[in-house]
S.K.: 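I have a structure I would like to understand better, so I am pasting it below and will then ask my questions one at a time.
These numbers come from the heavy atoms of this one structure, side chains and all, not from hydrogens, waters or symmetry mates.
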Amino acid sequence: MTLTENPAPDSGHGGRARPEPAPDSAPVPGSLPARWAHGTPGRRRAAEPPIQVHHYDEHTVILRQSKSLSYEAPFLYLLFGDDRALLLDTGATADPALFPLRATVDRLIAGWLSEHPRAHYELVVAHSHGHQDHLAADPQFAGRPATTVLPRDAESVRSFFGFGADWPTGTVSFDLGGRVLEVLGSPGHHEAAITVHDPRTGILLTGDTVLPGRLYAFDSAAYLATLDRLAAFAAERRVTHVLGGHVEMTRRPRRDHPLGATCQPDEAPLEMTADDVVAIRDAAASVAGRPGVHRFDNFVIYLEPRRTDLLALVARGLAHRVCSALVRPLRRRNGEIRP
């Protein structure tokens, strides 16, 4: 069974026309895990695979890079359409021997094609934004047949998706074949940041713009404008889940994990809601013009962070690593963790 019985005509890489109004039909249901792989204590890194693969539904896959490879542990998203798949982000590790993303994606696509055979199938590799922890494995896809890997710069992103003069205020469509995504320009954290809405599932993919963690607004004016647009957009769409690029908050209000933490057993859920987008917008507006670190229950806003703010973040992370190294032998001796 394909996503549509009569797919829309192909118009290049997905079509760049203005999006149609959101359909009245309810989003297709899917599932999220109760807990994601969140790292292992001590040196037991081999206990966790390099990539966690979760099928939200038959045509939607969420991947998480292991914290044993990178404390960033980014989330990646693979969406299947009738004509092509979209891989949003490629993670924080380039080495395929350590982080076999290409092999994993090839296996997932082969599995999908075994159920939905077609003679030609494309892959588009795009990025929520252009920071290294979201595109390090791009080179793994070099030379892959029928594959387009987008550059990280804003001009390439604008051109590929067809924003034209409407960047970043416009919304454009990107057709996977029977599955038309909506793409919004979302600068503020990064100049080339985008947000992707999938009307089929109702999922809003927000990269590092909205997530349960540290929200770095390096350009505060652009970030506030992006949040205004996202809040208005979400109010007009069926949004089932808001899924970002990382989880950094604990389950304790206002408390984030230290930078560099390689095990987060009490991390907050990945999924947020349209109401959370509004809450982040309102929180950011409330601290506008006040550069620094601002803590809220479910996120921390780094508004145009100063050098001292970033140094304090790094210092806390280093202190956490030192304390963990000192405490670990005691816990092992008491039988709390295995060697």
Side-chain angles (χ1 to χ4, degrees), residues 26-41 48-49 51-57 60-79 88-89 91-92 128-129 133-134 186 189 195-198 200-216 227 230-231 233-235 237-284 294-302 320:
V28 174
S31 70
L32 292 167
R35 300 186 71 180
W36 292 94
H38 51 258
T40 55
E48 190 170 275
I51 305 174
Q52 180 182 3
V53 176
H54 175 80
H55 284 80
Y56 178 84
D57 66 23
T60 309
V61 184
I62 306 173
L63 305 93
R64 189 186 197 182
Q65 181 172 354
S66 172
K67 291 188 76 69
S68 66
L69 295 178
S70 170
Y71 71 86
E72 298 279 9
F75 289 86
L76 325 175
Y77 301 93
L78 182 63
L79 310 181
L88 189 66
D89 291 342
S128 62
H129 62 290
D133 55 318
H134 295 266
S186 306
H189 175 72
T195 296
V196 177
H197 177 244
D198 175 25
R200 179 182 173 276
T201 60
I203 292 174
L204 189 67
L205 301 174
T206 52
D208 286 6
T209 300
V210 172
L211 53 75
R214 294 180 286 271
L215 304 175
Y216 299 100
L227 291 176
L230 291 183
F233 179 89
R237 301 299 194 278
R238 293 174 182 264
V239 175
T240 54
H241 306 291
V242 177
L243 304 181
H246 308 273
V247 175
E248 294 165 341
M249 297 302 289
T250 70
R251 293 179 180 268
R252 294 169 52 194
R254 305 172 68 88
R255 187 70 173 177
D256 56 323
H257 287 94
L259 182 73
T262 56
C263 183
Q264 299 181 170
D266 62 336
E267 69 179 12
L270 167 67
E271 62 270 22
M272 302 183 86
T273 68
D275 287 343
D276 288 318
V277 175
V278 174
I280 292 172
R281 188 273 310 272
D282 292 346
H294 306 277
R295 293 188 174 274
F296 299 87
D297 283 354
N298 301 317
F299 50 88
V300 183
I301 297 177
Y302 278 69
H320 169 76

S.K.: Measuring only between side-chain heavy atoms, which start at C-beta, is Met272 closer than 4.5 Å to Thr206?
M.R.: no
S.K.: Less than 4.5 Å apart, side chain to side chain, heavy atoms only: is that true for Ile280 and Leu227?
M.R.: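 Heavy-atom side-chain distance check passes, below 4.5 Å.
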S.K.: Check whether any side-chain heavy atom of Val242 sits under 4.5 Å from a side-chain heavy atom of Asp276, and report yes or no.
M.R.: no
S.K.: Would you say the side chain of Leu211 lies within less than 4.5 Å of the side chain of Phe75, judging by non-hydrogen atoms?
M.R.: no
S.K.: Determine whether a donor-acceptor pair (N or O, by modelled atom type, separation under 3.5 Å) exists between the side chain of Thr195 and the backbone of Ser186.
M.R.: no
S.K.: What closest approach, in Å, do Thr201 and Asp198 show between heavy atoms, and which atom pair accounts for it?
M.R.: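 Residues Thr201 and Asp198, closest heavy atoms: OG1-OD2, 2.8 Å.
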S.K.: Mind telling me whether Tyr216 and His189 have parallel, tilted or perpendicular rings, with 30° and 60° as the class edges?
M.R.: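 Rings of His189 and Tyr216: tilted, 30 to 60°.
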S.K.: Consider side chain to side chain contact (heavy atoms under 4.5 Å, CB included). Of Leu243, Leu76, Val53, Leu79, which one does Ile62 pass it with?
M.R.: Leu243
S.K.: Relative to each other, are the rings of Trp36 and His54 parallel, tilted or perpendicular (30° and 60° limits)?
M.R.: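 Rings of Trp36 and His54: perpendicular, over 60°.
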S.K.: Could you report the tightest heavy-atom contact between Pro49 and Ser66, atom names first, then the distance?
M.R.: O-CB, 3.2 Å
S.K.: Would you name the heavy atoms of Cys263 and Gly39 that are closest together and state the gap between them?
M.R.: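 Here Cys263 and Gly39 meet closest at SG-O, 3.6 Å.
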S.K.: The test is side chain to side chain contact (heavy atoms under 4.5 Å, CB included); show your working for Arg237 and Leu204 and say whether it passes.
M.R.: CA-CA 10 Å; Arg237 301 299 194 278; Leu204 189 67; over 6 Å; no
S.K.: If you define the side chain from C-beta out and look only at heavy atoms, does anything of Leu259 sit under 4.5 Å from Tyr71?
M.R.: yes
S.K.: Examine the side chains of His38 and Asp266 and answer whether a donor and an acceptor come within less than 3.5 Å of each other.
M.R.: no
S.K.: Could you pull out the closest heavy-atom pair between Pro74 and Gly91, with the gap in Å?
M.R.: CG-CA, 3.8 Å
S.K.: Determine whether a donor-acceptor pair (N or O, by modelled atom type, separation under 3.5 Å) exists between the side chain of Gln52 and the backbone of Ala37.
M.R.: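 Such a contact is found between Gln52 side chain and Ala37 backbone.
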S.K.: Could you check whether any side-chain heavy atom of Thr240 comes within less than 4.5 Å of a side-chain heavy atom of Glu271, counting everything from C-beta outward?
M.R.: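 No. Closest side-chain heavy atoms not under 4.5 Å.
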S.K.: What is the minimum heavy-atom distance between Glu248 and Arg214, and which atoms define it?
M.R.: OE1-N, 2.6 Å
S.K.: Grab the two heavy atoms, one from Val210 and one from Val277, that are nearest each other, plus how far apart they are.
M.R.: CG1-CG2, 4.3 Å
S.K.: Name the residue from His320, Met249, Glu267 that meets the side chain to side chain contact (heavy atoms under 4.5 Å, CB included) definition with His257.
M.R.: Glu267
S.K.: Report yes or no: does His246 contribute a side-chain atom to a donor-acceptor pair with the main-chain N or O of Glu72 at less than 3.5 Å?
M.R.: yes
S.K.: Can you tell me if Arg254 uses its side chain to pair, donor with acceptor, with the backbone of Arg295 under 3.5 Å?
M.R.: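 Yes; at least one donor-acceptor contact below 3.5 Å.
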S.K.: For Lys67, is there any backbone N or O sitting under 3.5 Å from a side-chain donor or acceptor partner on Gln264?
M.R.: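 A pair under 3.5 Å: no.
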S.K.: Supply the atom-to-atom distance Ile203 CD1 to Asp57 CG, rounded to the nearest 0.5 angstrom.
M.R.: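 The distance works out to 7.5 Å.
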S.K.: With side chains defined as the heavy atoms from C-beta onward, is the minimum distance between Arg64 and Leu270 less than 4.5 Å?
M.R.: no
S.K.: Is the closest side-chain heavy-atom distance between Phe296 and Asn298 below 4.5 Å?
M.R.: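 They are not in contact (no side-chain heavy atoms under 4.5 Å apart), so the answer is no.
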